[in-house]
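Got a structure for you, questions after.
Just so you know, ligand 1 is whichever comes first in the structure, and atom 1 is the first atom listed for that ligand.
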Amino acid sequence: MHLQPPEGAAADWTVPQNWAHYTPEDHAVWDTLFARQAKLLPGRASEAYLRGLDVLRLSKPGIPDFKELSDRLMKLTGWQVVAVPGLVPDDVFFEHMANRRFVAGNFIRRRDQLDYLQEPDVFHDVFGHVPMLADPRFAEYLVAYGQGGLRANGMDALKYLARLYWYTVEFGLVAEPEGLRIYGAGIVSSFAESRFALEDASPNRIGFDLERVMRSAYRIDDFQQTYFVIPSFDELLRVTVETDFAPLYEAIRGQADIAVGEIVPGDTVLTLGTQDYARGKVPA
Ligand SMILES: [Fe+2]
């Protein structure tokens with residue numbers, strides 16, 4: 001990880017989105033991905049996410065112009081979307097988040113990579129994350145997360161906070177009156193995982209518990225083996241704002257990590273997964 005921003009980036013690591021430089025093919029890839037997910041998500045994505053999706057329907061098709069997108073988002077929740085050249089250092093990420101700036105990659109995947117991504121592109125970052133930023137409760141949750149990150153940086157606790165982000169912002173499920181729904185950006189931006197997370201018998205689905213989540217390892221290379229289910233966005237925000245994290249980090253530090261896919265005493269197991277998918281991946 002660089003400690004200095006790369007050439008051409010500002011001191012806060014942002015770069016101009018340079019919307020005019022996208023090719024017609026770049027915009028066509030966005031439109032293909034957008035249409036495919038927009039068709040799949042009703043009945044699967046949370047109500048908050050589906051409501052927020054409208055914020056992406058801008059004056060022209062294709063990859064959103066961050067300026068126009070930010071103007072709309074600003075009116076709803078005070079957030080903006082800023083472009084960065086790739087992954088940024090933790091403190092830079094948290095500083096932007098605490099100040100209601102969501103950092104997004106400005107490149108888009110190629111058409112032969114619709115389902116495969118090594119690092120987050122503009123489709124993951126904008127289609128996946130921005131609709132939830134239009135929800136007032138989730139928007140506040142992310143501000144609280146950014147502030148918590150700035151504090152955790154000095155407490156050697158980023159590992160625990162990263163797990164909270166992973167299991168909520170990226171791969172979270174929510175229990176709605178009509179049933180389980182997806183809201184994590186890593187799920188809603190993925191054609192295959194949108195169905196796997198909700199409908200497959202393989203993964204565990206466990207009630208959200210802050211300490212449990214922060215003790216839980218995760219896998220970055222494949223579908224999750226466990227998803228955590230929040231009861232509501234109000235509750236996620238409440239727990240995050242009301243918890244004193246410093247003693248919690250101390251308590252976690254004295255305990256072993258919980259392995260990927262493991263169930264532990266105290267878990268509220270909504271679905272005990274078969275883990276067949278994960279097992280099938282292990283060479284015989
Ligand atoms: Fe993400």
In E170, which N, O or S atom comes closest to the Fe ion (ligand 1)?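 Restricting E170 to its N, O and S atoms, the minimum distance to the Fe ion (ligand 1) goes to OE2.
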
Looking at Y218 versus F171, is the centre-to-centre ring distance below 6.0 Å?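 Ring-ring flag for Y218/F171: false, centres at least 6.0 Å apart.
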
Under 2.8 Å from the Fe ion (ligand 1), is there an N/O/S atom belonging to D125?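 Of the N, O and S atoms in D125, none lies under 2.8 Å from the Fe ion (ligand 1), which means no.
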
Do R137 and Y141 form a cation-pi contact, if we require the NZ or CZ to be under 6.0 Å from the six-membered ring centre and within 45 degrees of the ring's axis?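 Not satisfied by the 6.0 Å and 45° rule.
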
Judged by modelled atom types alone, do E193 and Y227 share a side-chain donor-acceptor pair under 3.5 Å?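 Yes, a side-chain donor-acceptor pair sits under 3.5 Å.
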
Less than 6.0 angstrom separating the ring centers of F138 and Y183, yes or no?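 Close enough - the centres of the two rings lie under 6.0 Å apart.
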
Metal-centred angle, the Fe ion (ligand 1) as apex - NE2 of H129, NE2 of H124, 10° resolution: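 For NE2 of H129 and NE2 of H124, the angle centred on the Fe ion (ligand 1) reads 100°.
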
